[in-house]
Amino acid sequence: MPERYPSVLLFGPPGSGKGTLGAVIGSVIGFSHMASGDIFRSLDKESELGRLFLSYSTKGELVPDDVTIRLWKDYVDRRIEAGAYDPAREILLLDGIPRNAAQVELMQSHIDVKRVIHLVGDEAELVRRLSKRAHEQDRPDDAKEDVIKRRLEVYRDETRPMLDCYDASFVADVDAIGLPSEVLQRALGPIVEVQRAFAAS
């Protein structure tokens, strides 16, 4: 087992299609997709970590970065034990974590980042996508344009700076606008490079 898990980060603003792209690439042999939402949903609420998570979430407070990384590591360990992820043969495809510079620092001893896939797109199109998704999922509050723009603003101010933690040569900008198959085609170039190098190592 490698000391640090070989990883590709999926990164981009709300509405850029990280989840869709991650699910598709994660179905390819040699990759294991892990989204932050899946990690929290999988928690045993009666476990020590589950109770710790609830102690923050039930009060509407942000879960501290160190707790978030502990939750992530516990999730990875459980996936390995269950045979759902093999670090010696699979590249982690991380979606939604790390989320900020502090988490990048905390995860350095756990992951070996091979590439950052940075999904980019016109803000007006992202607003349209998020509004459409909210209507389809019957979440009227999330469909309000001011709410969506606030989410994009939070991303720009708090999450986007995380990219600066990585050398520019590790970051591949991928146009997120277009058909899902078109976005997949654009992302596959840098993804294939990582898998080829991993297979040869």
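- When every heavy atom of Gly22 is checked against every heavy atom of Leu10, the shortest pair comes out as CA-CD1, 3.4 Å.
- Looking at heavy atoms from C-beta onward, Val104 lies out of side-chain contact with Asn100 at the 4.5 angstrom threshold.
- Counted within 6.0 Å of CD on Gln137, heavy atoms from surrounding residues, nucleotides or ligands total more than 12; the atom is thus considered enclosed.
- Checked by atom type and distance alone, the side chain of Arg51 pairs as donor or acceptor with a backbone atom of Glu46 at under 3.5 Å.
- The side-chain contact (heavy atoms from CB on, under 4.5 Å) test with Val183 singles out one residue from Ile177, Val24, Leu188, Leu119, and that residue is Leu119.
- In this structure, the separation between NZ on Lys149 and CD on Glu145 is 4.0 Å, given to the nearest 0.5 Å.
- Scanning for side-chain hydrogen bond (donor to acceptor under 3.5 Å, both in side chains) contacts around Glu123 gives Arg156, with sequence neighbours left out.
- Val127 places a side-chain heavy atom less than 4.5 Å from the side chain of Leu152.
- Clustering ILVMFWY residues whenever any of their side-chain heavy atoms sit less than 4.5 angstrom apart, transitively, puts Tyr5 in a cluster other than the one holding Val194.
- Residues Leu94 and Val8 are not in side-chain contact: their nearest non-hydrogen atoms beyond the backbone lie 4.5 Å or more apart.
- In this structure, the side chains of Phe11 and Met162 come closer than 4.5 Å at one or more pairs of heavy atoms.
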Before giving the answer on side-chain contact (heavy atoms from CB on, under 4.5 Å), spell out for Leu54 and Lys45 the whole-Å C-alpha distance, their side-chain angles and the decisive distance to 0.1 Å.
CA-CA 7 Å; Leu54 288 173; Lys45 303 301 188 292; 3.8 Å; yes
If you apply the rule side-chain contact (heavy atoms from CB on, under 4.5 Å), what do you find for Val76 with Met34, and how did you get there?
CA-CA 9 Å; Val76 173; Met34 293 186 191; 3.8 Å; yes
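- Panel note: side chain Gln103, backbone Arg99; a donor-acceptor pair is recorded below 3.5 Å.
- By the rule that hydrophobic residues join a cluster once side-chain heavy atoms approach within less than 4.5 Å of another member, Trp72 and Val116 end up as members of one cluster.
- Of all the heavy atoms in Ser16 and Ala176, the pair that sits closest is O-CB, 3.4 Å.
- Annotation for Gln185: atom CD does not count as buried by contact number, only 12 or fewer foreign heavy atoms lying within 6.0 Å.
- Here the side chain of Ser131 pairs no donor or acceptor atom with the backbone of Arg128 at under 3.5 angstrom.
- A side-chain donor-acceptor contact under 3.5 Å links Lys18 to the backbone of Gly12.
- Residues Asp157 and Pro161 share a closest heavy-atom pair of O-CG, 3.6 Å.
- In this structure the side chain of Ile97 reaches within 4.5 angstrom of the side chain of Met107, judged on heavy atoms.
- Of all the heavy atoms in Gly26 and Leu93, the pair that sits closest is N-CD2, 3.9 Å.
- Residue Ser169 comes nearest to Arg115 through the heavy atom pair O-NH1, 3.5 Å, listed as atom of the first residue, atom of the second, then distance.
- The two residues Phe198 and Ala88 come nearest to each other via the heavy atoms CZ-O, 3.7 Å.
- Classified by interplanar angle (parallel below 30°, tilted 30° to 60°, perpendicular above 60°), the ring pair Phe40/Phe53 is parallel.
- Looking at Arg150 and Glu153, a side-chain N of the basic residue comes within less than 4.0 Å of a carboxylate O on the acidic one, giving a salt bridge.
- Note on Val174 and Val28: same hydrophobic cluster, where clusters join Ile, Leu, Val, Met, Phe, Trp and Tyr whose side-chain heavy atoms are under 4.5 Å apart, directly or indirectly.
- In terms of hydrophobic clustering, with Ile, Leu, Val, Met, Phe, Trp and Tyr side chains grouped at heavy-atom distances under 4.5 Å, Phe31 and Leu9 are assigned to different clusters.
- Sorted by first then second residue, the salt bridge (charged side-chain N to carboxylate O under 4.0 Å, His left out) pairs that include residues 77-87, not counting sequence neighbours, are Lys73-Asp77, Asp74-Arg78, Asp86-Arg89.
- For the side-chain contact (heavy atoms from CB on, under 4.5 Å) with Arg41, the lone residue among Ile39, Asp38, Leu43 that qualifies is Asp38.
- Within the 4.5 Å cutoff, the side chain of Leu126 has no heavy atoms near those of the Pro14 side chain.
- Taking CG of Leu21 as the reference point, atom CD1 of Ile117 lies at 8.0 Å (rounded to 0.5 Å).
- Of the inter-residue distances, the one linking Glu105 atom CD with Asp65 atom CG reads 11.5 Å to the nearest 0.5 angstrom.
- Applying the salt bridge (charged side-chain N to carboxylate O under 4.0 Å, His left out) test to residues at least two apart or on different chains, none of the pairs has a partner in residues 25-37.
- Between the side chain of Thr68 and the backbone N or O of Asp66, no donor-acceptor pair lies under 3.5 Å.
- Cluster annotation: Ile80 is connected to Ile69 through the hydrophobic network of ILVMFWY side chains, with a link wherever side-chain heavy atoms come within less than 4.5 Å.
- Checking side-chain atoms of Glu136 against main-chain N and O of Arg133 turns up no donor-acceptor pair under 3.5 Å.
- Within the model, atoms CZ of Arg151 and CG of Asp146 stand 12.5 Å from one another, a figure rounded to the nearest 0.5 Å.
- In this structure the side chain of Lys114 never reaches within 4.5 angstrom of the side chain of Ile91, judged on heavy atoms.
- Side-chain contact between Leu163 and Arg160: present, with at least one pair of heavy atoms (C-beta onward) separated by less than 4.5 Å.
- No donor-acceptor pair closer than 3.5 Å links the side chain of Arg4 to the backbone N or O of Asp112.
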